[in-house]
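Following: one structure in structure tokens, then a few remarks.
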Amino acid sequence: MSQFGIACLVGVGGAIGALARYGASRVVATKKKPGFYATLTVNLIGSFLMGLLIGWHVESDHAAVYAFVGTGVLGGLTTYSTLNVQKASMLRSGVRRMLFRYIAATYVLGFGLTALGVAIGDMMRT
Amino acid sequence: MKIVIGIAAAGFLGAIARYGIGAIPLGEGAEPFPWATLFINMSGSFLLGWLTGALTRGKVSPAIAEVAGTGFLGAYTTFSAFNGQLWQLLEQDAYGLAAVYVLLSGVGGWWLASIGLSKGRGVQRG
């Protein structure tokens with residue numbers, strides 16, 4: 001597929017991912033929960049699915065699928081900018097315990113779920 | 001409804017911007033380090049901090065902040081690729097690079113988000 005075609009797949013995937021993330025933030029806001037619940041949820045789901053793609057060797061074996069699902073949808077679904085701004089805001093508000101829990105949950109569970117996804121993806125491939 | 005279309009369009013552009021930066025060749029012998037994602041996540045964190053700060057003093061409208069922040073910067077930055085690349089660095093036993101990657105993304109990006117917040121609010125950092 002051409003570079004232009006790949007870029008279009010990435011863009012459409014990114015739009016879908018961004019809408020899903022926005023949807024999650026709306027659900028959390030409707031339930032009157034803090035916004036970081038939505039960010040944590042999408043980041044953990046996206047990290048697990050990215051692990052699956054890695055374990056499955058999707059990037060090397062199916063470049064177009066990876067461009068759409070991995071770079072597009074999962075890249076658009078997950079976010080680092082919101083995470084870092086939330087960390088900065090929590091530090092300023094002085095909610096230290098919540099900040100610590102948020103950081104621990106995001107990084108420990110995020111990386112753990114990626115590793116789990118890789119293991120499962122690897123099993124599914126063979 | 002307008003906001004949903006705006007977020008989709010901005011998510012489309014944010015994901016393509018991330019793909020485009022990732023496609024920039026770094027030249028022969030470049031370290032196997034995810035420079036592109038690091039640059040994206042750090043710059044996106046600063047810009048979202050600035051936008052969030054500017055929103056609090058009414059310099060940007062809530063709709064613009066939602067489209068540019070949730071749509072563009074949310075899709076531009078990524079947590080799933082961060083975890084995927086971290087897994088790959090550890091798999092290659094590049095523990096030092098992995099530590100640098102985590103610190104620059106998680107602490108450096110956090111600091112940049114905080115500076116962005118202060119600049120957006122138009123106050124001295126403190």
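Letters A, B, ... mirror the listed sequences (proteins, then strands); counts begin at 1.
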Linking I/L/V/M/F/W/Y whenever any side-chain heavy atoms sit under 4.5 Å apart, do B:Val67 and B:Val4 land together?
yes
Does A:Arg101 have more than 12 heavy atoms from other residues, nucleotides or ligands lying within 6.0 Å of its CZ?
no
For the atom pair CD1 (B:Ile16) and CD1 (A:Ile6), what is the distance rounded to the nearest 0.5 Å?
11.5 Å
Sub-4.5 Å heavy-atom contacts with chain B: which residues of residues 52-77 of chain A show up?
A:Ile54, A:Thr71, A:Gly72, A:Leu74, A:Gly75, A:Gly76
Report which part of A:Thr39 has an atom under 4.5 Å of a heavy atom belonging to chain B: side chain, backbone, both, or neither.
neither
Whatever's closer than 4.5 Å to a heavy atom in chain A on B:Glu66 counts as side chain
Say whether B:Met42 and B:Phe39 are linked into one hydrophobic cluster, either directly or through other cluster members, by side-chain heavy-atom distances under 4.5 angstrom.
yes
Counting heavy-atom pairs under 4.5 Å to chain A, which of B:Gly74, B:Gly84, B:Gly22, B:Ala10 comes out on top?
B:Gly74
Report yes or no: do B:Ile64 and B:Leu47 belong to one cluster of Ile/Leu/Val/Met/Phe/Trp/Tyr joined by side chain heavy-atom distances under 4.5 Å?
no
If we define contacts as heavy-atom pairs under 4.5 Å, which of A:Ala115, A:Ala15, A:Gly23 has the most with chain B?
A:Ala15
Under 4.5 Å to a heavy atom of chain A? For B:Ile3 that would be side chain
Restricting to non-hydrogen atoms, name the atom on A:Ala88 and the atom on B:Leu117 that form the minimum distance, rounded to 0.1 Å.
CB-CD1, 3.8 Å
Heavy-atom cut-off 4.5 Å, strictly under: side chain, backbone, both or neither for B:Ser43 against chain A?
neither
Examine whether an atom of B:Leu90 lies under 4.5 Å from a heavy atom of chain A, and if so say whether it belongs to the side chain, the backbone or both; otherwise answer neither.
side chain
When every non-hydrogen atom of B:Ala75 is compared with those of A:Ala18, the smallest separation belongs to CB-CB, 4.4 Å
Which portion of A:Ile16 sits near chain B, non-hydrogen atoms under 4.5 angstrom
neither
Would you check if B:Leu86 and A:Thr114 make a side-chain contact, meaning some heavy-atom pair closer than 4.5 Å?
no
Winner by heavy-atom pair count (cut-off under 4.5 Å) against chain A, out of B:Gly49, B:Ala9, B:Gly109:
B:Gly109
Which residues from residues 27-34 of chain A are near chain B, with near meaning under 4.5 Å between non-hydrogen atoms?
none
Among A:Gly17, A:Gly110, A:Gly46, who wins on heavy-atom pairs under 4.5 Å with chain B?
A:Gly110
Would you say A:Arg92's side chain and B:Ser114's backbone share a donor-acceptor pair under 3.5 angstrom?
yes
In this structure, CG of B:Asn83 is separated from CE of A:Met50 (nearest 0.5 Å) by 9.5 Å
I'd like to know if the side chain of B:Thr78 pairs up with that of A:Thr78 as donor and acceptor (distance under 3.5 Å, no hydrogens or angles considered).
yes
Working to the nearest 0.5 angstrom, can you tell me the gap between B:Leu112 CG and A:Asn84 CG?
8.5 Å
Which bit of B:Thr52 comes within less than 4.5 Å of chain A, counting heavy atoms only: side chain, backbone, both or neither?
side chain
Counting only N and O atoms by type, is there a donor-acceptor contact under 3.5 Å from the side chain of A:Lys87 to the main-chain atoms of B:Gly106?
yes
Do the non-hydrogen side-chain atoms of B:Trp110 and A:Leu91 ever get within less than 4.5 Å of each other?
yes
If one checks every heavy atom of A:Leu113 against chain B at 4.5 Å, the contacting part turns out to be neither
CD1 of B:Ile7 to OH of A:Tyr22, rounded to nearest 0.5 Å, is 5.0 Å
Considering only heavy atoms, which portion of A:Val42 lies under 4.5 Å from any heavy atom of chain B: side chain, backbone, both, or neither?
neither
Hey, could you give me the CG/CZ distance between A:Leu83 and B:Phe79, rounded to the nearest 0.5 Å?
6.0 Å
Side-chain heavy atoms nearer than 4.5 Å, only ILVMFWY residues, links allowed to pass through others: does that put B:Val102 and A:Val108 together?
no
Heavy-atom pairs under 4.5 Å with chain B: which of A:Val10, A:Thr106, A:Leu49, A:Val12 has the most?
A:Val10
Just how far is it from atom CG of B:Leu73 to atom OH of A:Tyr80, taken to the nearest 0.5 Å?
15.5 Å
How about A:Ser81 and B:Tyr76: do any of their side-chain heavy atoms sit closer than 4.5 Å?
no
Who wins among B:Gly71, B:Ser45, B:Ala15 for the most heavy-atom pairs under 4.5 Å with chain A?
B:Ser45
Side chain to side chain, A:Phe111 and B:Phe82, heavy atoms closer than 4.5 Å:
no
Between B:Ala23 and chain A, which part of the residue has a heavy atom less than 4.5 Å away: side chain, backbone, both or neither?
side chain
Transitive ILVMFWY side-chain link A:Tyr107 to A:Met98, under 4.5 Å:
yes
Ranked by heavy-atom pairs below 4.5 Å to chain A, first place among B:Phe46, B:Tyr19, B:Phe72 goes to B:Tyr19
If only side-chain N and O atoms count, and only distance matters, is there a donor-acceptor pair under 3.5 Å linking B:Ser80 with A:Ser47?
no
